Undergrad: 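Before I ask anything, let me first share the structure, which is written out below as structure tokens.
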Amino acid sequence: MKILYFAWLRTEIGMAEETASPPETVTTAGALIDWLAALSPRHGTAFEKRNSIRVAIDQEFAETDSVITGANEVAFFPPVTGG
Amino acid sequence: MKILYFAWLRTEIGMAEETASPPETVTTAGALIDWLAALSPRHGTAFEKRNSIRVAIDQEFAETDSVITGANEVAFFPPVTGG
Amino acid sequence: MAVRVQSEAFDLGVETARLTKGRHDVGAVASFVGIARENNPDEGAEPVIAMTLEHYPGMTERQLEAIEAEARERWPLLDCLIVHRYGRFEPGDPIVLVMTLSSHRQAAFDACQFLMDWLKTKAPFWKQEETASGQRWVAARKSDDAAAKKWSKPA
Amino acid sequence: MAVRVQSEAFDLGVETARLTKGRHDVGAVASFVGIARENNPDEGAEPVIAMTLEHYPGMTERQLEAIEAEARERWPLLDCLIVHRYGRFEPGDPIVLVMTLSSHRQAAFDACQFLMDWLKTKAPFWKQEETASGQRWVAARKSDDAAAKKWSKPA
């Protein structure tokens, strides 16, 4: 599963993209956040601000209780500030 | 006093502009319409559609009861259809 | 005052570049271009071959300047442009341009729409349409009066 | 679908001419250009030297196409264009263009404003500002959420 980070999540974690293989018990975006947060201290710090983090599953906006099973690409980012 | 006609008023009366010297008793735009309507049959026909005629006194929109005494320029035209 | 009444065409890109040039405070440019159309659904189905816009020189500029001044008073505009053409137009020809500049988009959008709505009811232009049946003066549209009225301040 | 995500600049005049060329049914072209500003009043008074827009390639196009499809469904649009740039911008640089074409002006205005309001909350772009104090990610604005919400259909 490809994991993408944007904006301050990218700079805090220190990478734009990584490949992750969470266990089968990790079925939701929220559970994936918990699992990723344990990967490294930088992950842990970045994911502390959970209320400021949005998620997209296969390029569609999703919620923390959305199912990630079978997804190819999960992205984490702050609320958008375009235009 | 300069009298101007636009759109179908111009084509019906057959001129864009004329100089008129109404008597002093003609003090409002409405009275001026009555006076102009008597000038010629073409004037009479054009001014029959009074409800479809708008007036400007010295280049400002006005009403039929607006005072024309001292005005340099009175214009008659249908409702505007610009843009 | 940025008001122009002309027979010549205008270029939206050139006007935007000119109004924003050297400025660092503009965040939003809203613009509207009105174009001559072949069909006027309000007036029946006969295709329009051409149209001629007649105006009242002198009063037109005066009215456009008054409309522009009111927009600047009601919204925090950084700049504003109204270009209205007169003469003969064929379908596809641009006729009117309104452009508003502001820090934020809402003011730019609202002022641009206000200006167009008022132009339709306050600018002394009259439209004659040419169809296969001949030439005909276009009647004013009630929907334009209604659009302009929504901007009236409460008494 | 007329959606472009690019680093290159765009020209409003060229895009208008391209979209209206050969058409006789367009009466109204509403457009909006968003420009990088020196001051962001929501974020304090320090002048912005430059800003960088990061986006999510793939998802951006997908979201813009979905927004455009929704606008075309809600208003009788004859055509529609969204151009969103990414990269580094200095104050005065145009960043986003939305253009809507319709027979009548109200549909063009409403759809243009709808698209801008939704872009601000649904397009995956993130803005980093550069001031004398350094670089900083810009926080989302509550007023943008409110602007987008006004277009929500009743449940």
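Source: prediction; values computed, not measured. Excluded from the calculations below are hydrogen atoms, water molecules and symmetry mates; all remaining heavy atoms, backbone and side chain alike, are included. Residue numbers begin at 1 in each chain, while the letters A, B, ... track the order of the sequences.
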Undergrad: Based on non-hydrogen pairs under 4.5 Å, which of E15(D), E90(D), Q106(D) is most in contact with chain C?
TA: Q106(D)

Undergrad: How far does OG of S102(C) sit from CD1 of I35(D), to the nearest 0.5 angstrom?
TA: 11.0 Å

Undergrad: Give, as side chain, backbone, both or neither, the part of D25(D) having an atom under 4.5 angstrom from any heavy atom of chain C.
TA: backbone

Undergrad: Measuring heavy-atom distances to chain D, does A147(C) have an atom under 4.5 Å in its side chain, in its backbone, in both, or in neither?
TA: side chain

Undergrad: In terms of heavy-atom contacts, does NZ of K21(C) have more than 12 from other residues, nucleotides or ligands at under 6.0 Å?
TA: no

Undergrad: V14(D) versus chain C, heavy atoms under 4.5 Å apart: side chain, backbone, both or neither?
TA: neither

Undergrad: If you round to the nearest 0.5 Å, how far is OG of S31(D) from CE of M99(C)?
TA: 6.5 Å

Undergrad: Return the NE2 to CZ distance between H104(C) and R37(D), rounded to the nearest 0.5 Å.
TA: 4.5 Å

Undergrad: Given a strict heavy-atom distance threshold of 4.5 Å, which part of R23(C) is in contact with chain D: side chain, backbone, both, or neither?
TA: backbone

Undergrad: Rounded at 0.5 Å granularity, tell me how far CZ in F109(D) sits from CG in D110(C).
TA: 10.0 Å

Undergrad: Got K120(D) and R105(C) here, is their nearest side-chain heavy-atom distance under 4.5 Å?
TA: yes

Undergrad: Identify which of D117(D), D93(D), T16(D) forms the greatest number of heavy-atom pairs closer than 4.5 Å to chain C.
TA: D117(D)

